[in-house]
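Scroll down for the structure; my scribbles are underneath it.
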Amino acid sequence: MLSYGTLRACIRVDGQALESYGIETFPEENKVTCRIASEAGKTFSVVWQDINYARQYHQTGDVTLDGIHGGGQLMHALGFNEPPTYQRCTAEFKYVNTSMNSIRPLTFSRLQLTDEDQHLNSAHADLGEISLAIWPVSVIGMGYRKNTVSAKGTIVHERSKKASSHCVGFGEEIRVPPQQVINVARVGITPTATFVFRYRPFDRLVADGIAPPPMQPSWGTKREAPVDVPESEDYNDGTGSDIDDEALRELNALKAQVKRLEERITTTRSAKRVKLESSDSMRSR
């Protein structure tokens, strides 16, 4: 999760915040950037929090997807002595409005490539980025949503240097009643904070040295050889596999060790009993 002042932000997939790599902070721009791993077909959301529990002003998080404004989410001011609950201090943006009465969830999708020259310069400069700008705002009234997002997939020329293999897409359409929205006006000329998430497939992040490679299982680890004892036919299932034979040898070795320990305990107890009996005989004389 990225942080700037009292603000926190992340991209959430399957209920978990994606890990951030290569985090950079630019105080002169109130900006924090990072890299995240995208997976085609996965639904995601943009989540942000403000842990300033004394905040008594409204603020909105404006989300830009691959350079295109996707919408915003309002976080209302906290009332005087109002408990700072998770719901009141957290906002989540997970749908775009594609019409007055339809929404679509955000997803990571595979970028569509073409060799048609009309798309030669179609790649947006911010393709591969999810941006969240948080502004203080004042509420000016209510209205119906007018701005919608095109549900068309992103198409770029195959020779585009900016193109990665993923882009932001949208899931299946969900029908909803016409939605009223709260109209706001920004306060100031710069956002309080801007969080930029540059996404790429995990393999690409590893290849570029941005993310560490996944942990590999260690093979060929040496271990102590089992005691060489005859195999017990009781545990032989006749498969003849190397793994089963090795397991049987270890099991028989453990059984043999247990047997030796039991014999030692029995011998020790017998010796103590003999010694006690001898002492009693001497005292009786």
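As the structure is a computational prediction, the values presented were derived from the model and not from experiment.
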Nearest 0.5 Å please: distance from the [atom1] atom of [X] over to the [atom2] atom of [Y].
X: L132; Y: F195; atom1: CG; atom2: CZ; answer: 6.5 Å
X: C89; Y: L7; atom1: SG; atom2: CG; answer: 11.0 Å
X: Q73; Y: S45; atom1: CD; atom2: OG; answer: 10.5 Å
X: S102; Y: I174; atom1: OG; atom2: CD1; answer: 9.5 Å
X: L111; Y: C167; atom1: CG; atom2: SG; answer: 5.0 Å
X: R8; Y: T90; atom1: CZ; atom2: OG1; answer: 11.5 Å

* Those residues that, when tested against I140, pass side chain to side chain contact (heavy atoms under 4.5 Å, CB included) (two or more places apart) ->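 For I140, the residues satisfying side chain to side chain contact (heavy atoms under 4.5 Å, CB included) (neighbours in sequence not counted) are S138, N183, A185.
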* To do: For A40, enumerate each residue passing the side chain to side chain contact (heavy atoms under 4.5 Å, CB included) test, keeping only those at least two apart in sequence or located in another chain.
  =>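 Side chain to side chain contact (heavy atoms under 4.5 Å, CB included) list for A40, sorted by chain: R110, H166.
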* **Among I130, V47, L106, side-chain contact (heavy atoms from CB on, under 4.5 Å) partner for F93** =>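 When I130, V47, L106 are each tested with F93, the side-chain contact (heavy atoms from CB on, under 4.5 Å) holds only for L106.
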Taking the side chain as everything from C-beta on, heavy atoms only, tell me whether [X] gets closer than 4.5 Å to [Y].
X: F44; Y: K94; result: no
X: L205; Y: Y21; result: yes
X: V181; Y: M142; result: no
X: L2; Y: I23; result: yes
X: S131; Y: T194; result: yes
X: I182; Y: H76; result: yes
X: N30; Y: T192; result: no
X: F26; Y: Y4; result: no

* Asked: Donor-acceptor pair, R186 side chain versus P191 backbone, under 3.5 Å?
  ->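 No.
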* To do: Go through the steps for L78 and R88 under the test side-chain contact (heavy atoms from CB on, under 4.5 Å), then give the verdict.
  => CA-CA 7 Å; L78 294 173; R88 296 287 283 110; 3.9 Å; yes
* Asked: Side-chain donor-acceptor pair under 3.5 Å between Y199 and D66, yes or no?
  ->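 Yes, side-chain donor-acceptor contact under 3.5 Å.
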